[in-house]
Amino acid sequence: QVQLVESGGGSVQAGGSLRLSCAASGYTYAMDCIGWFRQTPGKEREGVAIIDSDSNLSYADSVKGRFTFSLDNAKNTMYLQMNNLKPEDTATYYCAAECARGWAYGLGTPGDFEYWGQGTQVTVSS
C-alpha cells in the first residue's frame, strides 16, 4: 500500500520560510514523475515544482527563485523549501508521485499523477 505523508505546513508572515516534507512508504521515489501541487478554494490544483517523465524539473513562474525542490533518496523523502513567502502562496500543498499514464511533461496536471499526499496547509499573512 502506497502512502505519501506530508508535514511542515503552518502559518508564517510574509517574507518567512517553510519546508514541506513528503515521506513515502510502499513506494520508492525516482527522479521522474514526482513533485508538488497546490490548491486554493475554488481553483484548480496547480503544479508548483514537478519533475516530469523526462526528469526535467519545472517550477511555476510565480515561485521561481523562491521555492526549491529536493529529494533525499536515503530517506525516501521529497522536500519543498519555500523562502520569501507571499500571501498569494497561501494554499493547501500536495505531494504527488507516479505518472498515472506513464508520462507527464512540464508542470503536468493533477490527472497525470497516481499517488497523492493528504495535503498540508500553508498560510502566509501580510
Side-chain angles (χ1 to χ4, degrees):
Q1 180 182 359
V2 175
Q3 279 194 309
L4 306 183
V5 179
E6 301 170 16
S7 60
S11 297
V12 65
Q13 289 195 320
S17 298
L18 286 172
R19 188 177 79 155
L20 306 183
S21 302
C22 179
S25 59
Y27 181 84
T28 301
Y29 288 135
M31 284 298 285
D32 59 24
C33 297
I34 57 174
W36 294 90
F37 285 77
R38 68 185 180 187
Q39 188 171 25
T40 54
K43 290 193 174 181
E44 299 258 332
R45 194 171 294 189
E46 62 173 1
V48 175
I50 301 293
I51 298 182
D52 67 15
S53 51
D54 287 340
S55 300
N56 296 311
L57 173 58
S58 297
Y59 292 98
D61 287 344
S62 59
V63 308
K64 283 179 182 176
R66 300 187 298 119
F67 289 13
T68 303
F69 174 92
S70 63
L71 175 64
D72 186 330
N73 292 107
K75 294 182 179 179
N76 205 27
T77 300
M78 69 169 108
Y79 302 95
L80 185 66
Q81 177 67 44
M82 306 185 295
N83 297 330
N84 191 22
L85 282 159
K86 302 177 180 181
E88 52 264 42
D89 295 318
T90 295
T92 302
Y93 285 72
Y94 298 88
C95 57
E98 184 76 6
C99 284
R101 294 175 286 237
W103 51 265
Y105 298 112
L107 289 171
T109 66
D112 291 335
F113 290 85
E114 182 76 25
Y115 304 122
W116 291 88
Q118 79 281 9
T120 187
Q121 179 66 35
V122 171
T123 302
V124 185
S125 58
S126 57

Show me, pair by pair, the donor-acceptor contacts under 3.5 angstrom made by side chains of residues 43-51, not counting sequence neighbours?
| unit_1 | atom_1 | unit_2 | atom_2 | d |
| --- | --- | --- | --- | --- |
| Arg45 | NE | Gln39 | OE1 | 3.1 |
| Arg45 | NH2 | Gln39 | OE1 | 3.2 |
| Glu46 | OE2 | Arg38 | NE | 2.8 |
| Glu46 | OE2 | Arg38 | NH2 | 3.4 |

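- Two residues are said to be in side-chain contact when any heavy atoms from C-beta on lie closer than 4.5 Å; Thr90 and Val122 fail this criterion.
- Residues passing the salt bridge (charged side-chain N to carboxylate O under 4.0 Å, His left out) test with Arg66, sequence neighbours excluded: Asp89.
- In this structure, the side-chain contact (heavy atoms from CB on, under 4.5 Å) partners of Glu88, at least two apart in sequence or on a different chain, are Lys86.
- Distance CD1/Ile34 to OG/Ser55: 9.0 Å, rounded to 0.5 Å.
- Put simply, the side chain of Leu20 reaches to within 4.5 Å of the side chain of Met82, judged on heavy atoms.
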For a quick test of your reading: what N or O donor-acceptor pairs under 3.5 Å do the side chains of residues 96-108 make, sequence neighbours left out?
| unit_1 | atom_1 | unit_2 | atom_2 | d |
| --- | --- | --- | --- | --- |
| Glu98 | OE1 | Tyr27 | OH | 2.8 |
| Arg101 | NH2 | Asp112 | OD1 | 2.2 |

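- Residues forming a ring-ring contact (aromatic ring centres under 6.0 Å, His included) with Tyr94 (at least two apart in sequence, or on another chain): none.
- Take Thr77 and apply the side-chain contact (heavy atoms from CB on, under 4.5 Å) test, not counting sequence neighbours, and it matches Ser21, Ala23, Lys75, Tyr79.
- The aromatic ring centroids of Phe37 and Trp116 lie less than 6.0 Å from each other.
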Applying side-chain hydrogen bond (donor to acceptor under 3.5 Å, both in side chains) to Ser17 and Asn83, what does each step give before you reach the verdict?
CA-CA 4 Å; Ser17 298; Asn83 297 330; 3.0 Å; yes
If you look only at distance, which donor and acceptor atoms sit under 3.5 Å apart when one is on a side chain in residues 7-15 and the other is two or more places apart or in another chain?
none

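- For residues 42-88, no pair satisfies disulfide bond (SG atoms under 2.5 Å apart), with sequence neighbours left out.
- Sorted by first and then second residue, the salt bridge (charged side-chain N to carboxylate O under 4.0 Å, His left out) pairs with a member in residues 49-59 form an empty list; sequence neighbours excluded.
- Under the 4.5 Å side-chain heavy-atom criterion for ILVMFWY residues, no single connected hydrophobic cluster contains both Trp36 and Phe113.
- Two residues are said to be in side-chain contact when any heavy atoms from C-beta on lie closer than 4.5 Å; Thr123 and Gln121 meet this criterion.
- With sequence neighbours excluded, no residue forms a side-chain hydrogen bond (donor to acceptor under 3.5 Å, both in side chains) with Ser125.
- Proximity of Tyr115 to Cys95: side-chain heavy atoms (C-beta onward) are nowhere separated by under 4.5 Å.
- Linking Ile, Leu, Val, Met, Phe, Trp and Tyr residues whenever their side-chain heavy atoms come within less than 4.5 Å places Leu4 and Met31 in a single cluster.
- Not a single side-chain hydrogen bond (donor to acceptor under 3.5 Å, both in side chains) links Thr40 to another residue, sequence neighbours left out.
- The distance from atom CE of Met78 to atom CG of Leu71, rounded to the nearest 0.5 Å, is 7.5 Å.
- Remark: Gln3 CD to Ser25 OG distance equals 4.5 Å, nearest 0.5 Å.
- For an aromatic pair to be called close, the ring centres must be under 6.0 Å apart, and Tyr59 with Phe69 fails this.
- You'll find the side chain of Leu85 reaches within 4.5 Å of the side chain of Phe67, heavy atoms only.
- Residues forming a side-chain hydrogen bond (donor to acceptor under 3.5 Å, both in side chains) with Asn73 (at least two apart in sequence, or on another chain): none.
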